[in-house]
Amino acid sequence: MKTALITGINGMDGSHLADFLLEKGYKVYGVERRSSSKNRINTKHLEGKITFLQGDITDQNSLFRCLKESNPDEVYNLAAQSFVGESWNTPEHTSEVTGLGVLRILEAIREFNPKIRFYQASSSEMFGRMVENPSNENTPFYPRSPYGVAKLYGHWITKNYRESYDIFACSGILFNHESERRGIDFVTRKISDGVARIKLGLADHISLGNLDAKRDWGYAPDYIEVMWLMLQQDTPDDYVIATGDTRSIREFLDEAFKYVGIKDWEPYIKIDPQFMRPAEVDVLRGDYSKAKFQLGWEPKTNFNELVKIMIDNDIKLLTEK
C-alpha cells in the first residue's frame, strides 16, 4: 500500500485528490493548519478515512514532522494563498505561503527522504499576459499578479531541486479548474451560487468585476487524475493541463442563467469596482498536447457539464438548508 501526504487537504483540489487516492488504495494523510474551528466543509466525508495532521506551509519544522509521522511515498503540495484578487491585498503573505512554502516542503523532503516523489501545483497565472496562445510548457512566463509571481517562484524552485538534488519533482501547470467544492469567493462559484439563489428567490443580483476576462475552464476531478499520473512516470517532468477551450465570464453567465431558464441575465448583474484587478489577465488558454501524448490524459467534462454540475449542487445545498 502506497502512502500519500497532501498539503491543502481542505481545499477543492485536496479533497478531490484524497477521494481519488483512496479509490486507488492509498493510505492518505492530509495537512491542515491549526485553528480554533476546523474548515472541513470539503473533507467532512473523509473523517475516519484519512489521517489529518497539523502543519503549516510557513513552518518548515511542522512540515518535517508531518513527513516523519506519515512517511509518505508521494507528497502533493496543494497549499497556497490561492485567491488571485487577495494577493494584491496581502502580497507578502501570498509570497510566504504560495512561493516560499514550496521551498520549505522541498527542503523538508530533502532532509527527511529525497526518494519521496513530489508534485507541485503550479498555475496558468504564471503565463499572465500570454506571450503565446495557447501556452505550452515552453511558453515564456509573464505573471500579472503577486499570486502569479509567487507561483512562478514555486515552479522554478521545484525544477531547481529536481536538477540539483535528483528529487522526483513534477509541476502541473494547471489552467482554471472548478467544481462544486470551489470556495464561494471565486468567480465561478460566486456565479453558480448566485444563480441558484436567484432561481430560488433568495437573491436578486450577483456582484462581479470584469465580465470580459476569458479562461480555459476544466473540471477539477478530471485534473486530479493527471497529478497522480505525473508521479507514476519513470522520469519527472512538468506538464500543462488544460482543455484548450476558452470562455469569457459573460459566456459562463449565459450558460448558467440559461440552465435555470433565464435568457436576459443583465438585470441580475452588478459591476463592483472592488472586484477589478489592478493588472488584468485578459485571456488564458492552454495546450495540453504533451500530457495527452506522454500521459494519455484528456479532459472528460466539457464546459456546459461543469456549469450544470456546479449549479445543481448549489441548488441542492440551498434547498437542504
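All heavy atoms count here, side chains included; hydrogens, waters and symmetry mates do not.
Using cut-offs of 30° and 60° on the angle between ring planes, the pair Trp297 and Tyr288 is perpendicular. Between Tyr76 and Tyr119, the ring planes lie tilted relative to each other; the angle falls in the 30° to 60° range. Ring pair Trp265/Phe257 is parallel by interplanar angle, where below 30° counts as parallel and above 60° as perpendicular.
Checked for salt-bridge contact, Glu96 and Arg104 meet the test: a charged N lies under 4.0 Å from a carboxylate O. Between Glu225 and Lys300 there is a salt bridge, with a side-chain nitrogen of the basic residue lying less than 4.0 Å from a carboxylate oxygen of the acidic one. By the 4.0 Å N-to-carboxylate-O rule, Asp272 lies too far from Lys270 to be salt-bridged with it. Ion pair Asp312/Lys316 not flagged as a salt bridge, since none of the NZ, NE, NH1 or NH2 atoms sits closer than 4.0 Å to an Asp/Glu carboxylate oxygen. Salt-bridge formation is detected for the pair Glu107/Arg110: a Lys NZ or Arg NE/NH1/NH2 atom is positioned less than 4.0 Å from an Asp or Glu carboxylate oxygen. The residues Lys214 and Asp282 are annotated as not salt-bridged, no charged nitrogen and carboxylate oxygen being separated by less than 4.0 angstrom.
By the criterion of side-chain heavy atoms lying less than 4.5 angstrom apart, applied directly or through intervening Ile, Leu, Val, Met, Phe, Trp or Tyr residues, Tyr239 is not grouped with Leu152; the two fall into different hydrophobic clusters. Phe52 and Ile6 fall within the same hydrophobic cluster, where Ile, Leu, Val, Met, Phe, Trp and Tyr residues are linked whenever their side-chain heavy atoms come under 4.5 Å apart, directly or through other members. A single hydrophobic cluster is not seen to contain both Met126 and Leu103; linkage of ILVMFWY side chains at heavy-atom distances under 4.5 Å, directly or through other members, places them apart.
For Ser15 (side chain) and Met12 (main-chain N/O), a donor-acceptor pair under 3.5 Å exists by modelled atom type. Judged purely by atom type and a 3.5 angstrom limit, Asp216 uses its side chain to pair as donor or acceptor with the backbone of Gly286.
Considering every non-hydrogen atom in both Gly218 and Leu306, the closest pair reads O-CD2, 3.6 Å. The two residues Ser135 and Phe175 come nearest to each other via the heavy atoms CB-CZ, 4.2 Å. Smallest separation of non-hydrogen atoms from Asp238 and Glu137: O-CG, 3.6 Å.
There is a side-chain donor-acceptor pair under 3.5 Å between Tyr219 and Glu180. Between the side chains of Ser289 and Asp287, a donor-acceptor pair is found at a separation under 3.5 Å.
Between Thr301 and Ile309 the shortest side-chain heavy-atom distance falls below 4.5 Å. Between Ile191 and Leu208 there is a side-chain heavy-atom pair separated by less than 4.5 Å. The closest side-chain heavy-atom distance from Leu67 to Asn113 is not below 4.5 Å.
Taking Arg129 as the reference, nothing meets the salt bridge (Lys or Arg N to Asp or Glu O under 4.0 Å) condition, with sequence neighbours excluded. In this view, Glu298 and Lys292 satisfy the salt bridge (Lys or Arg N to Asp or Glu O under 4.0 Å) rule, not counting sequence neighbours. Asp56 pairs by the salt bridge (Lys or Arg N to Asp or Glu O under 4.0 Å) definition with nothing, not counting sequence neighbours. With sequence neighbours excluded, no residue forms a salt bridge (Lys or Arg N to Asp or Glu O under 4.0 Å) with Arg117.
Residues in residues 44-53 take part in these salt bridge (Lys or Arg N to Asp or Glu O under 4.0 Å) pairs, two or more places apart or across chains: Arg40-Glu47. Within the structure, ring pair (Phe, Tyr, Trp, His ring centres under 6.0 Å) contacts touching residues 5-25 (residues at least two apart or in different chains) are Phe20-Trp228.
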**Report entry** Criterion ring-ring contact (aromatic ring centres under 6.0 Å, His included) on Phe127 and Phe141, from CA distance to verdict
**Finding:** CA-CA 4 Å; Phe127 292 119; Phe141 297 116; 5.1 Å; yes

Report task. Could you walk me through whether Glu132 and Thr139 pass the side-chain hydrogen bond (donor to acceptor under 3.5 Å, both in side chains) test, one step at a time? Result -> CA-CA 6 Å; Glu132 188 175 28; Thr139 300; 2.6 Å; yes

Requested in this report: Could you walk me through whether Met227 and Ile224 pass side-chain contact (heavy atoms from CB on, under 4.5 Å), step by step?
Outcome: CA-CA 5 Å; Met227 298 179 185; Ile224 293 305; 3.7 Å; yes

Query raised in the report: After noting the C-alpha distance and the side-chain angles of Lys308 and Glu305, does the key distance pass the salt bridge (Lys or Arg N to Asp or Glu O under 4.0 Å) rule?
Result: CA-CA 5 Å; Lys308 291 174 183 177; Glu305 291 169 338; over 6 Å; no

**Report entry** Gln81 and Thr94: CA distance, side-chain angles, deciding distance, side-chain hydrogen bond (donor to acceptor under 3.5 Å, both in side chains) verdict
**Finding:** CA-CA 6 Å; Gln81 189 299 99; Thr94 300; 3.1 Å; yes

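Tested against Asp314, the residues Arg181, Arg189, Lys190 include a single salt bridge (Lys or Arg N to Asp or Glu O under 4.0 Å) partner, Arg189.
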